[in-house]
Amino acid sequence: MQTLHVPQTPPVASPTAASEDHWTEVIQPRTRLLDLGLRQVWNYRDLVMLFVRRDFVSTYKQTVLGPIWFFIQPLLTTIMFMVVFNGIAKIPIGDAPPLVFYLAGITIWNYFAQALTSTSTVFTANAAIFGKVYFPRLTMPLSIVLSNLVRFGIQLALFLVVWLFYLFTTDKVHPNAYLLLMPALVVLMGLLALGLGMIFSALTTKYRDLAMLLTFGVQLLMYATPVIYPLANITGEADGWKKWLILANPLTSIVETFRYGFLGEGTFNWMYLGYSTAATIGILLVGTIVFNKVEKSFTDTV
Amino acid sequence: MSDVAIRVENLGKLYRLGEIGTGTLSHDLNRAWARLRGKEDPFAKIGETNDRTTKGSSDFVWSLKDVSFEVKQGEVLGIIGRNGAGKSTLLKVLSKVTAPTAGRVKVKGRIASLLEVGTGFHPELTGRENIFLNGAILGMTKAEIRSKFDEIVDFSGVERYIDTPVKRYSSGMYVRLAFAVAAFLEPEILIVDEVLAVGDAEFQKKCLGRMKDVSVNDGRTVLFVSHNMGAVTSLCNKALVMGNGQVVFDGGVQQGVDYYLRQGNSATAGSYRNEDPKPNDILRVDLLSPALESQTNFYFNEDIILQVEVVISDPEKNYVLGFRIKDQTERNVFTSQIAIQDITDQAGTYTVQAVIPHSTLVPNRYTPILALHIPNVEVAAYLEDSVSFEIEETGTDFFQYAGNDYGCVFVDCKWSLI
């Protein structure tokens, strides 16, 4: 384990048996399943922040519009959704103004989708650097989720501007106390993306097939999440298996609650949200374990 | 200084050969099933050592097997061995890039390796940003880097470009900056791979200088991997010789280098037998040490004895036995010969010895071409690849030119001040 304190001279040798046992680190084949090395990650927290900064700075260097791209992407998607799903397909979305409705869904969905896709390639994309130098591998997915959080913050600001506009000019937007759950929802979403991303990144080192699956899988998953339609559309008895499919998706209640807090429209159910939380914790735990197991040997298989 | 800095205990690393990706799922399931029943990994055949020249029966190979050694604080350990002996794998395990399959390593202090120079540099970021990023990857905190920032920039000599993205740097500037970060890491244990020998002369000198500095002045532990015996003998005080994934020698540097050179080299052959001789022919060729033992690796300052057995049925013919020394680049170095009539006028089998004087051939690999012939008339025997030998760099004045072509022979010219 790396210590923060770096002595300028090596520790003075003392020929006692006690000092022999004072190892700073033991490298061995298989550590205990739950030995996640979180303390190491904490020691490397500066690195996490530098990675976040790197992601941020490098993405928009040499672009004319720079960070404005953060706004353009969700706005254009929203307009497209309004035209296709609201204008052409006429999927009912309740009383809420379509612009706010879609933008809310897209903002939080993008956060999840981008965090997931970029964490899922952590091992394969960083094979070169991972193969040469050791640092806690967890810092990489963590920094990715954090830099996506920053991006989400910016897109959330855009959403808030639009939302405030509708709040003051119309009476179709009804924010309520569940708005206070928003930070928790964002954390849940981030952890879920982190957990799933780690599982995928660990497995793609061996089975590249999963990388193919993930790219369109994320797109498909959006339709299994109430992003472009409210959950209320499918809670009827007649919907049967479709209803259970959507409800089994832990993202469902997160997106739905997020929109409910802002718009006062949609479904909110503590039980659904509790299920999402439990699923997130489970996935995160599995993800961390799998990730830690793979990080030790992935240089041999990637 | 008797404190142990690194203790390696029964370290093993199993690698799978061949293509990875086909059948892995079924192997994984098999392995999981075996583990569930508490059995051994069915694909890890124990006892298969790593010898790249022979074909094993299993797809799995032990790159490291039962490796145990200790390095004391402040020691400079040279790790030597032929290609594929497991040196790089050992370094990978020590630097935690890959986990061992068996055994353990106990370490006291921070390990840094100079083989990771420039890892994690992002082309779009400026030099300044990259110093921080690279430093953090190598395990420094922001505060540590900040306190050394000026020294790093100074050492690198790219101050003027420090706020320019590194993608605009020349490759030389890039390496200088990268090395500067690594050089100021101040680890307790430093790993230096021979890979660094690819840099230009100035860079090499800087690396070796920094290494010496680190070990002598700061009393830090250094692990040095190299094929250059001259560098090993001059820099290290202990040596670890590896062969086929195992430690075959652990001790003083001079004995270690000796051991390494005395090991048979699969690329050189010390003797040749003619199974099907003609009436006038070369029967056998042997390379011998001054002690008349079979040997293919020689010190620079060691006589080389070429022993040839010939059969002569027509002693009246003017046969000449000769050899020509060729170096690795097929360059002819010199020719030497003896007339058979000078030895004998009887038919029979004779053994002759030629002594190639020491301190003549510079460190390199050489192949003697042997011939029994009547000049311009008849070639009775012509052996192109019978034996070969290697002169090892053991600390001549030339080791610093390793890799450069400074000729084939050493001539002790008389220098004098007029």
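Only a predicted model underlies this, so the values are computations on that prediction, with no experimental measurement involved. Throughout, a chain's letter reflects where its sequence line sits, starting with A, and its residues are numbered from 1.
- Note: B/Glu129 CD to A/Arg53 CZ = 4.5 Å, rounded to the nearest 0.5 Å.
- Between B/Leu138 and A/Val133, the shortest heavy-atom distance links the atoms CD2-CG2, 3.9 Å.
- Contacts classified as side chain to side chain donor-acceptor pair (under 3.5 Å) and involving residues 186-202 of chain A (residues at least two apart or in different chains) are not found.
- Closest non-hydrogen pair, A/Phe130 versus B/Val97, comes out as O-CG1, 3.6 Å.
- Nearest heavy-atom pair, B/Leu133 versus A/Leu50, reported as atom, atom and distance to 0.1 Å: CD1-CB, 3.8 Å.
- Closest heavy-atom contact between B/Lys96 and A/Arg137: O-NH2, 4.5 Å.
- By the ring-ring contact (aromatic ring centres under 6.0 Å, His included) test, A/Tyr111 pairs with A/Phe152, sequence neighbours left out.
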>> Please determine whether side chain to side chain contact (heavy atoms under 4.5 Å, CB included) holds for the pair A/Tyr134 and B/Leu94, giving the CA-CA distance in whole Å, both sets of side-chain angles, and the decisive distance to 0.1 Å.
In response: CA-CA 10 Å; A/Tyr134 176 82; B/Leu94 286 179; over 6 Å; no
>> Between A/Val57 and B/Glu124, is the side chain to side chain contact (heavy atoms under 4.5 Å, CB included) condition met? List the steps.
In response: CA-CA 8 Å; A/Val57 173; B/Glu124 295 286 351; over 6 Å; no
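- A distance-only check finds no donor-acceptor pair linking the side chain of A/Asp46 to the backbone of B/Thr141 [under 3.5 Å].
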